[in-house]
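Quick notes on the structure that follows.
Below, all heavy atoms of this structure are taken into account, side chains as well, without hydrogens, waters or symmetry copies. These figures come from a predicted structure and were not determined experimentally.
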There are 2 protein chains.
Amino acid sequence: MGSEKSGSPGELSERKKQILKAIIEAHIELGEPVGSKYLTSNKHIACSSATIRNEMAELESMGYLEQPHTSAGRVPSEAGYRLYVDSLIDSYRLTEREIEELRTNLRKKQAELDSILDTAIRLASSLTDYTALAAKPRKVRVTVTHFEIIRTDERSMILVMLIGGIVKTRRIRSRVPVSDEASARLEMLLNGKLTGLTAAEITMPLMMEMEREMGADEYLVEPVVKGICETISAFDGGELRFDGIDRLLSYPEVYGGERLREMLTMFERKQDLLDVFSESEMQTGDDESVKIYIGRENLVKTMDNSTLVYKPIKRDGILVGAIGVIGPTRMNYSRVIAMIDHLSSGVSNLIEEGDERSD
Amino acid sequence: MGSEKSGSPGELSERKKQILKAIIEAHIELGEPVGSKYLTSNKHIACSSATIRNEMAELESMGYLEQPHTSAGRVPSEAGYRLYVDSLIDSYRLTEREIEELRTNLRKKQAELDSILDTAIRLASSLTDYTALAAKPRKVRVTVTHFEIIRTDERSMILVMLIGGIVKTRRIRSRVPVSDEASARLEMLLNGKLTGLTAAEITMPLMMEMEREMGADEYLVEPVVKGICETISAFDGGELRFDGIDRLLSYPEVYGGERLREMLTMFERKQDLLDVFSESEMQTGDDESVKIYIGRENLVKTMDNSTLVYKPIKRDGILVGAIGVIGPTRMNYSRVIAMIDHLSSGVSNLIEEGDERSD
DNA sequence: TTTAGCACTTGAAATGGTTGAGTGCTAACT
DNA sequence: AGTTAGCACTCAACCATTTCAAGTGCTAAA
């Protein structure tokens, strides 16, 4: 047996490449193992089925193809897909219509990051026909940069916090009326003492000091600070949202039975997937192109037969999220890649420029 | 054939009730059609299998039971379940442990409605083992009650809107520096002109008037007002969130194959389900107890074999949402009902009392 | 080096018989 | 009249067997 398990693409003759590419594309299209005869008749390859069989046998021993059972056609292996996306793939040109659809749909929603992401995954899912997801990675150091208190009536107010460019609010109610003077002082205190601190750095002594400075209105401090800590903690957990989960069912060969359950469970737990994105945060230095994880390449075990395609989203140069799709290994790579690329860039631009439509 | 399709429970002899109840509970427990022999041996019923067969035949002709095929046991019909939950069911006592779990978990999260709901559905799903969902019903008349502008730096600010007790924010950026005076005037204008108006009532003339009053800073008006309209519009759409979708797969008899897909699709589309909740908003006058929709009783077609159990959530007497679970018709009604009842009340109390931990 | 032909393998689908749970009905019993 | 035992009947589920067709690997010829 040829023991050259993972050969570099250079080893492959032109014809082998052509055949491998044809097999992968046929399999993407049909979802079934593809046999030698199919290739000769449907893809235009200039040799007979017997020759193709020989080549396929070699490709298999090199690890690019697999055979479900003796009398079935061949199926691309993960290595095969990897080779395909790395060097065989034709880059897909989005049609004018598709670009237009991306642009107008994205433009419509000029809002906070969250709702932009929602629109984006909806788009991604409906355009690619796979399950789409967006992640906000877990942050390492979450701090409030600015506090502001808004009075609504004499015993309730709203605390507005600016956390890394995102606005979070929290309602504060008190049983007794609170003077304007007291809330103003509280606001000042918060801005003076708590900005720039992570949840862990907000200590008891600090809180007691604040209570001292609030004098008669010290009763406000504890619930407010507690709320702030909760908000910060909730924020750094990262977040993950989905669209088109029902589309998983379009690929019963992959997501049938128990596998589907594992998949859904993973979507519910979210943590594993978030880890994947966080990991990418590390290697975000190298480049910022579309990333592709095929099968068990780099991922959680439950994603054996799936591919994750995603691209980071940046604001002012720093990573604020990612958007991608998840689907069967035999997904339409070229189209998906082009789509995610555009979409992510679109979102990046959108949040970069903000709402400055003031011309 | 006895043509009394839907008899009132009064028609039923004590023994018929007892048998029906036993069948339903056995079927809930086992998930399989239950036969006459099983009842005599496992549930203590004081007569022989033959007698039970006779009774079952009658119950079937009355429409309370169904037979999948000739040589199978009986399965409760929707009418049977309905009768069961209406008059046969034993009310379930939550254990101390369960109550404790509800309370502590719910208490932990003292935050805005959204995150309370998230916690609640997570709880509901994990405690009942069914898919849980929470809805914020579509509002008829959404208006902003209060505007507030927060300056972050000289060319960006945050617009805070109070919409029906919920806080929404929106970032505003401008290419040119904005004076404090200008933003203060804008805030005043918004509060003066736009509070109490729905999106539809914000007209062009109104906007032009505002531009006039802003003088040199009129360029701020258009993007801001546009953003406000979007926010209001987005708000009245209602919202629906889930937890434990993976649990659908625990009941393959119901959610296997095509049905599962329909179910997921419905979860994605959300609209149908929201309609159900909105409908309940209408009839919310009659009472505010736990509501139960069994099978095709009242619902969307895709929910034929499912039951929806939910209870509205109120703040200050008005409906702000609902929480419930969705599961197979053969769900453990007594337990689920008790759970949802408690949970919904818990949430209601929590948002009622707010953060007033100032003692 | 390529190709045609053929024997071989093997999963999927079709067939057919067996099994067992559960029923409905009738006749005996209280 | 209501209840029960007994029995024939039905029908899905299961298992073993057969058939079928797709696709291969190999050999021999071009």
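- Between Lys21(A) and Glu25(A) there is a salt bridge, since a side-chain N of the basic residue sits under 4.0 Å from a carboxylate O of the acidic one.
- Side-chain contact, Arg53(B) with Ser36(B): a donor N or O sits under 3.5 Å from an acceptor N or O.
- For Thr51(B) and Pro68(B), each mapped to the nucleotide of DNA chain D holding its nearest heavy atom, the one lying further toward the 5' end belongs to Thr51(B).
- What separates CD of Glu66(A) from C1' of dG23(D) is a distance of 17 Å, to the nearest Å.
- The residue among Ala46(B) and Asn54(A) whose nearest nucleotide of DNA chain D is located toward the 5' end is Ala46(B).
- Across the protein-nucleic acid pair, Glu55(A) atom CD and dT3(C) atom P stand 11 Å apart, rounded to whole Å.
- At a cut-off of 3.5 angstrom, counting only N and O atoms as typed in the model, there is no donor on one side facing an acceptor on the other between the side-chain of Ser48(A) and the base of dT3(C).
- In this structure, Glu58(A) places its CD atom 10 Å from P of dT1(C), rounding to the nearest Å.
- Ala50(A) comes within 4.0 angstrom of a nucleotide base, judged by non-hydrogen atoms across all strands.
- One atom, CE of Met56(B), and another, P of dG24(C), lie 7 Å apart when rounded to the nearest Å.
- Which of dG24(C), dG25(D), dT10(C) sits closest to the side chain of Thr70(A) comes down to dT10(C).
- Atom CE in Met339(B) sits 8.5 Å away from atom CG in Leu343(B) (nearest 0.5 Å).
- The listed nucleotides are dT3(D), dG25(D), dT3(C); the one nearest the side chain of Cys47(A) is dT3(C).
- Straight-line distance from the CD atom of Glu14(B) to the P atom of dG2(D): 17 Å, rounded to whole Å.
- The side chain of His69(B) lies closest to dC11(D) when the candidates are dG25(D), dT3(D), dC11(D).
- To the nearest angstrom, C1' of dT10(D) lies 13 Å from CZ of Arg74(B).
- Here the side chain of Arg53(A) is nearest to one of dC11(D), dT3(C), dG5(C), namely dG5(C).
- Interatomic distance, Leu88(B) CG to Ile24(B) CD1, rounded to the nearest 0.5 Å: 6.5 Å.
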Stepwise side chain to side chain donor-acceptor pair (under 3.5 Å) check, Tyr92(A) with Arg335(A): CA-CA 6 Å; Tyr92(A) 181 89; Arg335(A) 187 146 189 279; 3.1 Å; yes

